[in-house]
Every structure is written in structure tokens, then in C-alpha cells.
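Sharing a structure, written as C-alpha cells. Questions coming.
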Amino acid sequence: MAEITAAQVAKLREITNAGMMDCKRALLEAQGDMEKAVEILRKKGAATAAHKAAREAREGVIVAHVLPGARAGVLVEVNCETDFVARNEMFRNFAQEVAARLAADPNADVESLRQDAVSRIRENLRIARHARLEVQGCGMVAAYIHTGAQIGVLVEVGAGREETVASEGFKQLVRDITLQIAASSPLAISRDQLPEAVVAKEREIAAEQVKGKPPAVIQKIVDGKLEKFYQTVCLLDQGYVKQNSEISVREYIERVSRELNDTIQVRRFLRFQVGETTS
């Protein structure tokens, strides 16, 4: 049997908010497999959904750079060894320069820039990941970096006419969407974009939580749980945070579309958080 450490139990508790003993038992049952332990706890109803559960302890910042004209931009995670350096102005300036170069040229060689920064800052620095969005057709790219630079968002929003993109109403909607994504961490824009395997797993977990009930009752409960799942992880189904979830993000976009007499669509988004594991 795998030996379970206190650190593993503490990490699982942080991920799931489940009790310490529940976490230990789940890890024992999963033979130390963290992802399987999360699934075991969720099936028992002892944990909340944790779609970004696997995290590594890293320091660093998320930075963004949008080119003039707002038709292209980049989101970058830059890591360092200590929180002290993460707050250092020299490190922040280095990270911003990396973002600016990659926004201008996605194939830019930033290794010499990194090595120079390492020699000046005297700490190992790593450009962990970066991604670029460029407008296809009519629309704009916008970025938002949350206070502390631990979370960053890059989004492409499209419209049917250039006059719409130039309007203040459209620009405000785009800003609001970046804030929504930062706050609510969606997995996809709409439910049809979710991988079938993800939906199937949620259905399996929901069914396990109510096993033993009549089939018709199980189906109704599972459908209800899935609907709540969609409202949590699908951007358009989420409650619009700036109106206390009184309307959905989809309803907000439809309202602005009517006001501007155009069709507005969130096409793509990126959300980076320092230290999250990417696949």
C-alpha cells in the first residue's frame, strides 16, 4: 500500500475543501494518485469541483501586451524563485519586455533577454508559457491583469461591423468580459465546446452521488447537477458578476448586441494563473 504523507493530505484538502480524514482515506483508496483521490471525494459528495486542481508551488507573474489597434495580443507567464523577486520592478519590467516582443513577433527569440535578466536579478527565471491571439475578421483583442499579477486574461470578441468595434458600448462589454473570465474561471465559452469526456465524467460523478434512487429520479437529479456544472464552467451560462448573477453573460451580450444593432460573439479566450499546471 502506498505511503500517504501529511503533505499529500494537506494538498488534497486545499484542492477539495474536504475534511482531513476524508482526504487521507481517499488518498489511501487511490494509492496516492491525487486526481483519482479528488474524483473519489467528489463521488462521495465530500468535495467541490476542482477543474484546475493540479498546481505547482511557483512564484512569478502573468503579463500581457496588446498591440496598437487592439487586433493582436499575447499573454505570458514568467516564473522566478521567490515572492520577493516576483514583486521586484526589474523582474516586472523584464516580463513586460518579453510580452511586448512576443506580441510583435510570436517567433521572437527572448532567451538572450532572459539570460541578461538572470545575471542582473541573480535568480533563475523561466518563461513558463505564452499564447497569442489575433483578430480574425471584425473585432478586437483585450487583456486584463488582476491586481498582484497572479491572474491574467486575453480575449477576442467579434462583431459584424467596424463601427460596432469602435463604439464605447462594445469596448465596455469587452472589458467586462475580461473581468468575468478572471473572476469566474470558465473552461469554455459554451457547453458545446466542452470535451465529451469532461461532461461524461461529471455525469458519472453526479449519478454516483445519488445511486440507489429510482432511475427517473436519478436522471432528473443528474440533469440538474449538469446544468449547475454548465453554469459554473461555461462562460455564456455563467451569472454575470457585475450584476450579481441576476442575468447570464449570454443575456448581457445579447442586450448589448440589440443596443448596437449588431451580432457580438466571444470567439476565444485565455486565462493564465501563476503556478497552474498546463496540459
Side-chain angles (χ1 to χ4, degrees), residues 14-15 17 48-68 70 72-103 110 114 117 121 123-133 140-157 168-189 232-233 235 238-247 249 252-253 266 268-278:
E14 180 183 356
I15 291 170
N17 291 319
T48 55
H51 62 267
K52 289 193 176 178
R55 299 189 182 275
E56 297 177 15
R58 294 191 204 131
E59 300 296 341
V61 293
I62 307 297
V63 290
H65 187 88
V66 176
L67 293 175
V74 70
L75 198 63
V76 186
E77 177 179 357
V78 184
N79 294 144
C80 56
E81 295 179 27
T82 63
D83 179 57
F84 175 78
V85 165
R87 299 193 305 269
N88 180 276
E89 184 178 356
M90 187 183 299
F91 173 74
R92 296 286 181 105
N93 290 340
F94 155 70
Q96 289 292 347
E97 178 63 22
V98 169
R101 292 194 185 186
L102 290 172
V110 292
R114 187 194 70 84
I121 295 172
E123 192 167 296
N124 187 33
L125 309 178
R126 185 169 73 102
I127 301 168
R129 53 178 168 160
H130 60 88
R132 190 174 186 272
L133 294 183
M140 72 179 295
V141 168
Y144 169 70
I145 301 298
H146 190 61
T147 304
Q150 297 294 289
I151 295 172
V153 171
L154 192 69
V155 66
E156 178 196 354
V157 182
E168 187 53 41
F170 180 82
K171 292 176 183 177
Q172 183 60 54
L173 178 142
V174 175
R175 287 192 290 268
D176 291 338
I177 293 299
T178 64
L179 293 173
Q180 176 78 31
I181 293 168
S184 299
S185 189
L187 288 178
I189 294 171
T232 300
V233 303
L235 175 64
Q238 289 180 340
Y240 178 42
V241 293
K242 286 187 71 174
Q243 289 192 16
N244 299 315
S245 297
E246 295 172 0
I247 62 172
V249 173
Y252 171 52
I253 294 173
V266 181
R268 295 178 290 171
F269 74 85
L270 301 166
R271 184 186 187 277
F272 285 1
Q273 185 165 341
V274 171
E276 67 190 7
T277 301
T278 59

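As a basis for the values below, the full set of heavy atoms in this structure was taken, side chains included, without hydrogen atoms, waters or symmetry mates. Counting from 1, the numbers follow the sequence of the chain as shown.
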Side-chain donor or acceptor of N88 paired with backbone N/O of M90 under 3.5 Å: yes

For L173 against I253, the heavy-atom pair lying closest together: CD1-CA, 4.0 Å

query: What distance separates E81 CD from E59 CD, expressed to the nearest 0.5 Å?
result: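 Atom-to-atom, E81:CD and E59:CD are 10.5 Å apart.
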
query: Which pair of heavy atoms, one from A143 and one from A64, lies closest together, and at what distance?
result: CB-CB, 3.6 Å

Under 3.5 Å: donor-acceptor pair, side chain of Q238, backbone of T232: yes

Heavy-atom closest contact (V241 atom, S184 atom, distance):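 Heavy-atom minimum between the residues: CG1-OG, 3.5 Å.
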
- prompt: Under 3.5 Å, side chain of Q180 to main-chain N/O of R175, donor-acceptor pair present?
  reply: no

message: Under the rule for ring pair (Phe, Tyr, Trp, His ring centres under 6.0 Å), what residues qualify as partners of F269, not counting sequence neighbours?
response: none

- request: Say whether, by atom type as modelled, one donor and one acceptor occur between the side chain of E123 and the main chain of V85 under 3.5 angstrom.
  value: no

message: Using only atom types and a distance under 3.5 Å, with no angle test, would you say the side chain of E77 pairs donor to acceptor with the backbone of G152?
response: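 Checked: no pair found.
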
- request: Kindly compute the distance separating OH (Y252) from CD (Q243), expressed to the nearest 0.5 Å.
  value: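 One finds 8.0 Å between OH of Y252 and CD of Q243.
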
- prompt: Which atom pair, heavy atoms only, marks the closest approach of Q273 to I62?
  reply: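 Of all heavy-atom pairs spanning Q273 and I62, the closest is C-CD1, 4.1 Å.
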
- prompt: Can you tell me how far the CD atom of E156 sits from the CG atom of L133, to the nearest 0.5 Å?
  reply: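 Spacing of CD (E156) from CG (L133) equals 6.5 Å.
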
task: Could you check D176 against Q172 for side chain to side chain donor-acceptor pair (under 3.5 Å), going step by step and ending with a plain yes or no?
output: CA-CA 6 Å; D176 291 338; Q172 183 60 54; 2.9 Å; yes

V155/V266 under side-chain contact (heavy atoms from CB on, under 4.5 Å): CA gap, chis, key distance, verdict: CA-CA 8 Å; V155 66; V266 181; 3.9 Å; yes

task: Would you check if the side chain of R92 reaches a backbone N or O of A86 as a donor-acceptor pair within less than 3.5 Å?
output: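 Checked: pair present.
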
task: Might you point out which heavy atoms bring A99 and V74 nearest each other, and give the distance in Å?
output: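 Heavy atoms of A99 and V74 come nearest at O-CG1, 3.0 Å.
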
side-chain contact (heavy atoms from CB on, under 4.5 Å) between V66 and L154, worked out: CA-CA 9 Å; V66 176; L154 192 69; 4.2 Å; yes

- request: Using a 4.5 Å cut-off on heavy atoms from C-beta on, say whether the side chain of I127 contacts that of V76.
  value: yes

Pairwise distance NZ(K242) to CD1(I177) - rounded to 0.5 angstrom: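 Those atoms lie 10.5 Å apart.
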
message: For the CG atom of L75 and the CZ atom of R129, what is their distance to the nearest 0.5 Å?
response: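 One finds 7.5 Å between CG of L75 and CZ of R129.
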
task: Evaluate whether atom CD of E89 has more than 12 neighbouring non-hydrogen atoms of other residues, nucleotides or ligands under 6.0 angstrom away.
output: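 For E89, atom CD is not crowded (no more than 12 foreign heavy atoms under 6.0 Å).
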
task: Determine the minimum heavy-atom distance between A142 and V174, stating which atoms define it.
output: CB-CG1, 3.4 Å

query: Taking the side chain as C-beta and beyond, is there a heavy-atom pair between V78 and F91 under 4.5 Å?
result: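 In short, these two side chains touch, coming nearer than 4.5 Å.
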
message: Has R132 got a side-chain atom pairing as donor or acceptor with A103's backbone, closer than 3.5 angstrom?
response: yes

message: I'd like to check the side chain to side chain contact (heavy atoms under 4.5 Å, CB included) partners of A117; sequence neighbours left out, ordered by chain and number.
response: F94, R120, I121, L125

message: Using 0.5 Å steps for rounding, measure from the CG atom of L235 to the CG atom of L187.
response: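 Answer for the CG-CG pair, L235 versus L187, is 11.0 Å.
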
